[in-house]
Q: 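Below: one structure in structure tokens.
These values consider heavy atoms only, across backbone and side chains, with no hydrogens, waters or symmetry-generated copies. Sequence lines set the chain letters: A, B, ... in the order given, protein chains first and strands last, and positions in each chain run from 1.
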There are 2 protein chains.
Amino acid sequence: MSSSTDRTAAATRRAGSTKERILVISRDLFARQGFTGTTIADIARELGTTTAALYYHFPSKADILRGLLDGPMADYQRILDSLGVREPPAAELLGVFIDLAVNSRELAAVIDRDPAVLAIIDEVLPMSSQQLTERVIAALAGPGADRAATIRAHAAFAVIKGASMAAMSLGGLDADGNLDPADRAEVLDAALRALYRRG
Amino acid sequence: MSSSTDRTAAATRRAGSTKERILVISRDLFARQGFTGTTIADIARELGTTTAALYYHFPSKADILRGLLDGPMADYQRILDSLGVREPPAAELLGVFIDLAVNSRELAAVIDRDPAVLAIIDEVLPMSSQQLTERVIAALAGPGADRAATIRAHAAFAVIKGASMAAMSLGGLDADGNLDPADRAEVLDAALRALYRRG
DNA sequence: GTCTATACCCGGATAGAC
DNA sequence: GTCTATCCGGGTATAGAC
């Protein structure tokens with residue numbers, strides 16, 4: 001939520017610049033119909049212009065997606081980098097990922113739903129998105145994790161994604177777009193229980 | 001399976017009928033590239049024929065998908081129906097879903113990844129696929145479940161899908177395509193811990 | 001910055017011969 | 001059952017006027 005807010009005052013008119021409006025509209029449509037399932041005609045219609053006008057602001061459909069992704073991607077990258085410096089406790093790391101999932105909720109669904117999106121991401125990323133996930137799993141599973149611990153790490157990660165999405169669609173967001181603290185705690189606890197065996 | 005199977009041993013070569021080969025090839029390609037990301041030409045190439053030949057066996061691309069889905073769909077439906085008769089303990093229900101996830105592993109990814117697939121499914125189904133999921137969540141959460149219990153049910157369901165996929169990609173399948181019993185137990189335990197609060 | 005018009009391609013599907 | 005040839009629609013993108 002830090003990187004995505006550094007807009008210049010000039011670029012921020014009352015309703016936002018056209019470029020920003022396009023991003024907002026696209027984010028919404030991508031979330032509902034997927035990236036491939038959304039046409040630039042859809043976006044243009046919502047924007048109230050023609051498709052040609054869109055291309056004045058963005059050189060391609062893929063660039064619109066990139067514009068949407070680079071905020072969350074930077075956040076993700078920052079988390080990954082911090083893992084190299086110190087190993088945070090699992091509870092903290094899981095909490096960070098809940099917040100990331102909530103902040104990029106419209107994109108979260110799109111990302112691991114559309115193979116075309118994965119291709120675009122991998123095009124930009126230093127490492128493949130699969131490697132990215134593996135890095136997180138490794139951090140959750142801890143050093144020298146055996147097969148069972150790795151599976152549990154995947155389980156915990158799945159809880160983060162699945163249960164926070166569920167909480168949000170159950171109406172767990174306040175006016176500012178933050179997850180209800182009780183819901184957040186519930187998700188976090190479930191993830192931690194999945195991660196650690198009893199006893 | 002009486003009259004249709006004794007039809008000319010010639011039609012049933014060692015590798016199976018052309019129709020079956022198309023299904024196998026398609027399942028594979030859909031899993032790797034997604035449904036929308038796979039073209040009829042892709043399938044035809046793999047099959048060693050032209051696209052026109054494909055249309056002798058299937059009237060449309062969507063029908064190929066339907067051919068792949070109706071097996072797992074029937075399984076799913078059977079589970080749903082059994083819920084009406086008796087409420088199985090959560091551990092049993094979760095176990096059933098692990099096996100379903102494993103048996104339809106190539107399709108599992110396709111199903112909740114491609115919006116186009118959801119549309120095709122909803123076209124055939126008596127209830128929407130969203131309602132289907134809700135039905136399972138309700139069964140897992142138990143009668144009179146509050147908000148927190150519902151979130152935990154989603155968490156457990158997410159573990160089933162995420163962790164069994166992970167176990168499989170870690171090489172947890174034997175020659176017969178069954179999940180390693182130890183892995184299965186690990187996934188099931190994690191799901192149960194996610195579902196039930198400690199104490 | 002936005003328009004009209006259109007090029008261009010690709011994917012699904014069909015016609016009809018063999 | 002499979003082929004060649006082709007249609008058709010829709011989707012991205014561009015040209016050029018205003």
Q: How close or far is atom C1' of D:dT12 from atom CD1 of A:Ile64, stated in whole angstroms?
A: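 The answer, rounded to whole Å, is 11 Å.
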Q: I need the A:Thr51 OG1 to A:Ile43 CD1 distance, nearest 0.5 Å.
A: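 Separation between the atoms: 10.5 Å.
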Q: One thing to verify: whether A:Glu186 and B:Arg197 come together as a salt bridge, which I'm taking to mean a side-chain N less than 4.0 angstrom from a carboxylate O.
A: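 Here B:Arg197 pairs with A:Glu186 in a salt bridge, since their nearest N and O are under 4.0 Å apart.
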Q: Rounded to whole angstrom units, what separation is found between the CZ atom of A:Phe58 and the P atom of D:dT14?
A: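 Value for this atom pair: 15 Å.
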Q: Could you check whether A:Arg78 pairs with A:Asp81 (Lys NZ or Arg NE/NH1/NH2 to Asp/Glu carboxylate O, under 4.0 Å)?
A: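 Judged by the 4.0 Å cut-off on N to carboxylate O distance, A:Arg78 and A:Asp81 do not form a salt bridge.
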Q: I need the minimum non-hydrogen distance between A:Arg193 and B:Ala194, along with the two atoms involved.
A: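 That closest heavy-atom pairing would be NH2-O, 2.8 Å.
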Q: Under the 3.5 angstrom rule, does the side chain of B:Arg105 hit a backbone N or O of B:Val102 as a donor-acceptor pair?
A: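 Present.
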Q: Could you give the NZ-to-P distance, from B:Lys61 to D:dG9, as a whole number of Å?
A: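 Taking atom P of D:dG9 as the reference, NZ of B:Lys61 is at 19 Å.
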Q: Just the rounded figure in Å: distance from P of C:dA13 to CG of B:Leu54.
A: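 Atom CG in B:Leu54 sits about 11 Å away from atom P in C:dA13.
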Q: Kindly indicate, with the supporting measurements, whether the criterion side-chain hydrogen bond (donor to acceptor under 3.5 Å, both in side chains) is fulfilled by B:Ser129 and B:Asp122.
A: CA-CA 6 Å; B:Ser129 41; B:Asp122 284 350; 2.9 Å; yes
Q: Contact class for A:Thr36 vs. all strands (heavy atom < 4.0 Å): base, sugar-phosphate, or nothing?
A: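 Counting heavy atoms under 4.0 Å across all strands, no contact is made by A:Thr36.
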Q: Let me know the distance between OH of B:Tyr55 and P of C:dG16, rounded to the nearest Å.
A: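 Taking atom P of C:dG16 as the reference, OH of B:Tyr55 is at 18 Å.
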Q: Each nucleotide N or O in nucleotides 2-5 of chain C that has a protein N or O under 3.5 Å away: list the pair and distance.
A:
| from | atom 1 | to | atom 2 | distance (Å) |
| --- | --- | --- | --- | --- |
| C:dT2 | OP2 | A:His57 | NE2 | 2.9 |
| C:dC3 | OP2 | A:Thr50 | N | 2.8 |
| C:dC3 | OP2 | A:Thr50 | OG1 | 3.0 |

Q: Expressed in angstrom and rounded to an integer, what is the separation of A:Ile40 atom CD1 from C:dT6 atom C1'?
A: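 Distance check: A:Ile40 CD1 to C:dT6 C1' gives 14 Å.
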Q: Can you check the A:Ile43 CD1 to D:dG10 C1' distance for me, whole Å?
A: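 A:Ile43 atom CD1 is separated from D:dG10 atom C1' by 15 Å.
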Q: Mind calculating the distance between CG (A:Leu65) and C1' (D:dT12) to the nearest angstrom?
A: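 My rounded result for the distance is 15 Å.
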